[in-house]
Peer 1: 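Let me give you the structure first, and then I'll get to my questions.
Quantities reported herein were computed from a predicted structural model and do not represent experimental measurements.
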Amino acid sequence: MNYRPRDLDRVFATLSDPTRRAILARLAREESLSITALAEPFSIKLPAVMKHLDVLGDAGLITRSKHGRTVQVRLSPAPLRKATEWLRRYERFWSPALDRLAAHAERKEAEAQAAEVMAKGKAR
């Protein structure tokens with residue numbers, strides 16, 4: 001896959017901010033939101049939300065369209081797909097560790113359940 005380093009840098013830098021990630025999460029749940037509706041749950045003022053939207057737009061992560069006086073915002077997932085594809089190249093480094101962690105957690109859960117059954121049996 002052919003990646004443009006500048007585009008990936010911009011996407012990852014954009015995703016580093018929790019407010020922008022929250023905006024993207026809202027847009028992933030909704031097909032389209034007005035800027036006012038998008039800004040509603042945040043404790044920051046509308047101009048700050050607009051700045052975040054500018055950064056998201058510059059990274060290609062959102063699109064905006066104007067309908068009358070209302071600006072609608074939509075998620076544009078293509079840059080996220082490219083970033084995910086780039087990250088997949090490194091999945092082999094963390095995937096085995098996550099598999100071992102899951103197996104360990106399952107063993108510990110099974111041990112705890114067995115201990116609980118034993119304790120209930122002794123209590124009778």
Peer 1: Should Val11 and Asp7 count as side-chain neighbours, where that means a heavy-atom distance under 4.5 Å?
Peer 2: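 Not touching, per the 4.5 Å side-chain cut-off.
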Peer 1: Keeping the roles fixed (side chain from Arg26, backbone from Ala37), state whether a donor-acceptor pair exists under 3.5 Å.
Peer 2: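 Flag set: sc Arg26 to bb Ala37 pair under 3.5 Å.
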Peer 1: So Ser32 and Gln72, side chain to side chain donor-acceptor pair (under 3.5 Å) or not? Walk me through it.
Peer 2: CA-CA 6 Å; Ser32 173; Gln72 292 293 120; 2.7 Å; yes
Peer 1: Is Glu111 paired with Lys108 through a side-chain N to carboxylate O contact shorter than 4.0 Å?
Peer 2: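 So Lys108 pairs with Glu111 through a salt bridge.
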Peer 1: Among Leu75, Thr19, Leu24, Leu27, find the one that has a side-chain contact (heavy atoms from CB on, under 4.5 Å) with Leu56.
Peer 2: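 Per the side-chain contact (heavy atoms from CB on, under 4.5 Å) rule, the option paired with Leu56 is Leu24, out of Leu75, Thr19, Leu24, Leu27.
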Peer 1: Would you indicate whether His67, at its atom NE2, is surrounded by more than 12 heavy atoms from other residues, nucleotides or ligands within a distance under 6.0 Å?
Peer 2: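 Enclosed: over 12 neighbouring heavy atoms sit under 6.0 Å from NE2 of His67.
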Peer 1: Please name the pair of heavy atoms, one in His52 and one in Ile23, separated by the smallest distance, quoted to 0.1 Å.
Peer 2: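 Here His52 and Ile23 meet closest at CB-CD1, 3.9 Å.
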Peer 1: Leu15 and Leu80: side-chain contact (heavy atoms from CB on, under 4.5 Å), yes or no, with the steps?
Peer 2: CA-CA 10 Å; Leu15 294 174; Leu80 290 173; 3.9 Å; yes
Peer 1: Please examine the side chains of Leu53 and Val71, heavy atoms only from C-beta on, and report whether any two atoms are closer than 4.5 Å.
Peer 2: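 Sidechains of Leu53 and Val71: no contact.
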Peer 1: Indicate the atoms forming the closest heavy-atom contact of Leu8 with Ala83, along with that distance.
Peer 2: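 Here Leu8 and Ala83 meet closest at CD2-CA, 3.7 Å.
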Peer 1: Please name the pair of heavy atoms, one in Pro41 and one in Leu38, separated by the smallest distance, quoted to 0.1 Å.
Peer 2: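 Smallest interatomic distance, heavy atoms only, reads CD-O, 3.5 Å.
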Peer 1: Is there a side-chain contact (heavy atoms from CB on, under 4.5 Å) between Leu61 and Ser76? Walk through the geometry before answering.
Peer 2: CA-CA 5 Å; Leu61 293 168; Ser76 180; 5.7 Å; no
Peer 1: Any idea which heavy atoms bring Met50 and Ile35 closest together, and the distance?
Peer 2: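 It is SD-CG2, 3.5 Å.
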Peer 1: Is any side-chain heavy atom of Arg64 closer than 4.5 Å to a side-chain heavy atom of Ile62?
Peer 2: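 When only atoms from C-beta onward are counted, Ile62 and Arg64 do touch, with a gap below 4.5 Å.
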Peer 1: Applying ring pair (Phe, Tyr, Trp, His ring centres under 6.0 Å), name anything that partners Phe42, two or more places apart in sequence or on another chain.
Peer 2: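 Result, ring pair (Phe, Tyr, Trp, His ring centres under 6.0 Å) vs Phe42: none returned.
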Peer 1: Please find the pair of heavy atoms, one from Pro79 and one from Ala59, that lie closest to each other, and give the distance.
Peer 2: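 It is CG-O, 3.7 Å.
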Peer 1: Between Arg20 and Thr14, is there a donor-acceptor pair closer than 3.5 Å when you use the side chain of the first and the backbone of the second?
Peer 2: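 Here the side-chain-to-backbone pair exists.
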Peer 1: Is there side-chain contact between Phe12 and Leu87, with heavy atoms separated by less than 4.5 Å?
Peer 2: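 Phe12 vs Leu87: side chains touch.
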Peer 1: So Val55 and Asp17, do their side chains get closer than 4.5 Å, heavy atoms only?
Peer 2: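 Side chain of Asp17 against side chain of Val55, heavy atoms only: no contact under 4.5 Å found.
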Peer 1: What's the spacing between Glu85 CD and Lys82 NZ if we round to 0.5 Å?
Peer 2: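 Reported to 0.5 Å precision, the distance equals 8.5 Å.
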